[in-house]
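Take a look at the structure set out below.
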Amino acid sequence: MTMPLMRPPRKNPVLRTRQMNLPPGARGRVALGLTAAAAEGRFELQTCEDCGTVQYPPREVCRKCLSAALRWRQQSGEGELLGSTTLHHSNDLFFRERLPWRLGLVHLDAGPTLMVHLHGEVGDAPERVRVGARLDRAGQAVLIGFPIEGSPHMADDKMLREMTSDPKFRKVLVTDGKTETGQAIVRALIKAGADIVWVGHAEPWKKMGEGLDDISVLPQVTLVPLDLTNGRQVTELAGSIGGKVDIVINNAEVHRTFDIGARRGTDVAKAEMDINYFGLLRLAQEFGPALKGRSADGTTGATAWVNLLSIYALSNFPPHGTFSASKAAAHSLAQCLRAEMRPAGIRVINVFPGPIDDEWNQHTPPPKLAPTALANAIVKALRDGVEDVYPGDVAQEWLERWRDNPKVLERELAAGG
């Protein structure tokens, strides 16, 4: 049984901050299929379409019939632990800092035998286990053996916390607390055990509204002025709290409906780009280096950056044309940010919801995603250590159609559905 994580002691500000040593990150191209699935929370292995063999490690052809018709298929991961060992010495700097480290050999019911990291609640062989794929600090997939039935605190396992970004006891910046979505995110973070939540709000001269007033009285919440169009204000906030933030959640956005020809001028499109794209850029330039410098700062070091994008970023939805374009630009920028943050072990999580049940989707028919459901999906992504999240039925359907044929989806959306 995993003991619950205790609140870590306050850091001595005089001590030098340790720098991150990443685990070995080299993977062949064929093995990146395992990583691609783990980035969305799935455990997949190669399956031969000719003979049905499930194989590991990944190869170019089937080990049994030499067919090249291999597809990545999701697996249950259940199997038998054949044996285990505990490392007390390693030449790799990442593992040397984290010893002892437990490994096991698991024979899957699907056929292959795997070497996996073992969760602390897994006992000695023989024992039934469930293998899952997670992303390590280098952004590559690793395999972990879990107990079939875990305890309530199994997420506090020391090894598992290395693979995830659990907000428990961490300090979080939420960039916009004036929206119902932002307020739901704040409540979900506090419920997950966040230590401090800084909540940004632009235009403080406007009436805050009941929602922001309600969360402002919570003991974990501190309101901070934050207008992502104001580079100086972003810089000042980063100078004030940048060295303390462990997780950044950028949910600030401008969302306007109508297509290109339904309005004159570029003012609205510029406003969308100024927040949805340039706002992210300003935030990344100021807070990114601070997070990178604290990624190895103890049990609750800096760990993740979350971007609230939209499923419209994958393929433009003409009734929300310029908004879709701004989110597509933000998606591209977020991929660049992910590449830059990866050497420091900071995970960049992109969230692609369908239409949210808010004021800008009043005329959009159901199903729509409730702000609370979106907030819970973000917290789950942090706890599960994934990179890409598609919450809601609409997002899942669009993703499936986009993967099947992007050009067909484009034509369908242009026709209105």
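Residues passing the ring-ring contact (aromatic ring centres under 6.0 Å, His included) test with Tyr312 are Phe317, His320, Trp398, sequence neighbours excluded. Scored by the side chain to side chain donor-acceptor pair (under 3.5 Å) test, Ser326 finds Asn276 as partners (sequence neighbours excluded). Considering only residues two or more places apart in sequence or on other chains, Pro57 meets the side-chain contact (heavy atoms from CB on, under 4.5 Å) condition with Arg59. In terms of the side chain to side chain donor-acceptor pair (under 3.5 Å) criterion, residue partners of Lys168 (sequence neighbours excluded) are, by chain and number, Asp156. In this structure Glu162 satisfies the salt bridge (charged side-chain N to carboxylate O under 4.0 Å, His left out) test together with Arg98, Arg137, sequence neighbours excluded. Under the side-chain contact (heavy atoms from CB on, under 4.5 Å) criterion, Ala344 pairs with Lys292, Ser295, Ile346, sequence neighbours left out.
With rounding to the nearest 0.5 angstrom, the CG atom of Asp176 is 10.0 Å from the NE2 atom of His201. Note: Leu409 CG to Arg401 CZ = 5.0 Å, rounded to the nearest 0.5 Å. Note that CZ of Phe146 is 6.5 Å distant from NE2 of His119, once rounded to the nearest 0.5 Å. Taking CG of Asp246 as the reference point, atom CZ of Phe169 lies at 12.5 Å (rounded to 0.5 Å). Rounded to the nearest 0.5 Å, atoms CG (Leu34) and CG (Leu143) are 5.5 Å apart. For the atom pair Gln396 CD and Ile311 CD1, the distance stands at 8.0 Å (nearest 0.5 Å).
At distances below 3.5 Å, not a single donor-acceptor pair connects side-chain atoms of His331 with backbone N or O atoms of Leu314. Judged purely by atom type and a 3.5 angstrom limit, Arg63 has no side-chain atom pairing as donor or acceptor with the backbone of Tyr56. Under the 3.5 Å distance criterion, the side-chain polar atoms of Arg134 are left unmatched by any main-chain donor or acceptor of Thr164. Looking only at distances, a side-chain donor or acceptor of Thr179 sits under 3.5 Å from a matching main-chain atom of Gly182. No donor-acceptor distance shorter than 3.5 angstrom exists from the side chain of Gln46 to the backbone of Gln55, with no hydrogens or angles considered. Put simply, the side chain of Glu121 gets close to the backbone of Ser151: a donor and an acceptor are under 3.5 Å apart. A donor-acceptor pair is defined here as one N or O able to donate and one able to accept, closer than 3.5 Å; no such pair exists between the side chain of Arg282 and the backbone of Thr235. In this structure a side-chain-to-backbone donor-acceptor pair under 3.5 Å is missing from Glu80 to His107. Within the 3.5 Å criterion, the main-chain N or O of Glu387 finds a donor-acceptor partner in the side chain of Arg338. The closest donor-acceptor contact from the side chain of Arg170 to the backbone of Asp166 lies under 3.5 Å.
Taking a cutoff of 4.0 Å between a charged side-chain nitrogen and a carboxylate oxygen, Lys380 and Asp384 qualify as a salt bridge. A salt bridge is defined here as a Lys NZ or Arg NE, NH1 or NH2 lying under 4.0 Å from an Asp or Glu carboxylate O, and Asp109 with Arg130 fails to meet this definition.
In this model, no donor atom of one side chain and acceptor atom of the other lie less than 3.5 Å apart for Ser315 and Glu410. With hydrogens and angles left out, the side-chain atoms of Thr175 and Asn250 include a donor and acceptor closer than 3.5 Å. Side-chain contact, Asp92 with Ser90: no donor N or O sits under 3.5 Å from an acceptor N or O.
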After noting the C-alpha distance and the side-chain angles of Phe43 and Ile144, does the key distance pass the side-chain contact (heavy atoms from CB on, under 4.5 Å) rule?
CA-CA 10 Å; Phe43 170 45; Ile144 301 176; over 6 Å; no
Verify side-chain contact (heavy atoms from CB on, under 4.5 Å) between Leu283 and Val248, making sure each step is shown before the conclusion.
CA-CA 9 Å; Leu283 202 65; Val248 172; 3.9 Å; yes
Evaluate side chain to side chain donor-acceptor pair (under 3.5 Å) for Glu97 paired with Asn21, printing each intermediate quantity in order.
CA-CA 9 Å; Glu97 294 172 349; Asn21 289 309; 2.7 Å; yes
Thr113/Leu82 under side-chain contact (heavy atoms from CB on, under 4.5 Å): CA gap, chis, key distance, verdict
CA-CA 9 Å; Thr113 300; Leu82 302 179; 4.2 Å; yes
Would Val172 and Val245 count as a side-chain contact (heavy atoms from CB on, under 4.5 Å) if you check the C-alpha gap in whole Å, the side-chain angles of each, and the deciding distance to 0.1 Å?
CA-CA 6 Å; Val172 188; Val245 173; over 6 Å; no
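The salt bridge (charged side-chain N to carboxylate O under 4.0 Å, His left out) analysis of residues 311-331, with sequence neighbours excluded, yields the pairs Glu253-Lys327. Listed by first and then second residue, the ring-ring contact (aromatic ring centres under 6.0 Å, His included) pairs involving residues 73-97 are Phe95-Trp101 (not counting sequence neighbours). For residues 268-289, the set of pairs meeting the ring-ring contact (aromatic ring centres under 6.0 Å, His included) definition, not counting sequence neighbours, is empty.
The local environment of CD in Glu400 is sparse, with at most 12 non-hydrogen atoms from other residues, nucleotides or ligands closer than 6.0 Å. When the shell of 6.0 Å around CD of Glu40 is examined, it contains more than 12 heavy atoms from other residues, nucleotides or ligands. Applying the 6.0 Å contact sphere to CZ of Arg29 captures no more than 12 heavy atoms from other residues, nucleotides or ligands. Annotation: Asp393, atom CG; neighbour count of heavy atoms from other residues, nucleotides and ligands within 6.0 Å does not exceed 12. Residue Lys244 qualifies as open at atom NZ: its count of foreign heavy atoms under 6.0 Å is 12 or below.
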Only pairs under 3.5 Å count here: list side-chain donor-acceptor contacts from residues 184-200, not counting sequence neighbours, and write none if there are none.
from: Asp195; atom 1: OD1; to: Arg7; atom 2: NH1; distance (Å): 2.4

Show me the side-chain donor-acceptor pairs of residues 347-359 shorter than 3.5 Å, one per line, residues at least two apart or across chains.
from: Arg347; atom 1: NH1; to: Met163; atom 2: O; distance (Å): 3.0
from: Arg347; atom 1: NH1; to: Gly385; atom 2: O; distance (Å): 3.4
from: Arg347; atom 1: NH2; to: Leu135; atom 2: O; distance (Å): 2.8
from: Arg347; atom 1: NH2; to: Asp136; atom 2: O; distance (Å): 3.1
from: Asn350; atom 1: OD1; to: Asn307; atom 2: ND2; distance (Å): 3.1
from: Asp358; atom 1: OD1; to: Trp360; atom 2: N; distance (Å): 3.1
from: Asp358; atom 1: OD1; to: Asn361; atom 2: N; distance (Å): 3.3
from: Asp358; atom 1: OD1; to: Asn361; atom 2: ND2; distance (Å): 3.0

Quiz: residues 65-78 side-chain donor-acceptor pairs under 3.5 angstrom, not counting sequence neighbours:
from: Ser67; atom 1: OG; to: Asp50; atom 2: OD2; distance (Å): 2.5
from: Ser67; atom 1: OG; to: Ala69; atom 2: N; distance (Å): 3.0
from: Arg73; atom 1: NH2; to: Glu49; atom 2: OE2; distance (Å): 2.8
from: Gln75; atom 1: NE2; to: Arg73; atom 2: O; distance (Å): 3.0
from: Ser76; atom 1: OG; to: Glu78; atom 2: N; distance (Å): 3.4

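For the residue pair Ser165 and Ile247, the shortest heavy atom distance occurs at O-CD1, 3.8 Å. Across every non-hydrogen atom of Cys62 and Thr53, the tightest pair is SG-CB, 4.1 Å. When all heavy atoms of Ala238 and Glu286 are compared, the pair lying nearest together is CB-CB, 3.7 Å.
Looking at heavy atoms from C-beta onward, Leu228 lies in side-chain contact with Leu226 at the 4.5 angstrom threshold. With a 4.5 Å cut-off on side-chain heavy atoms, Leu105 and Leu114 do not count as touching.
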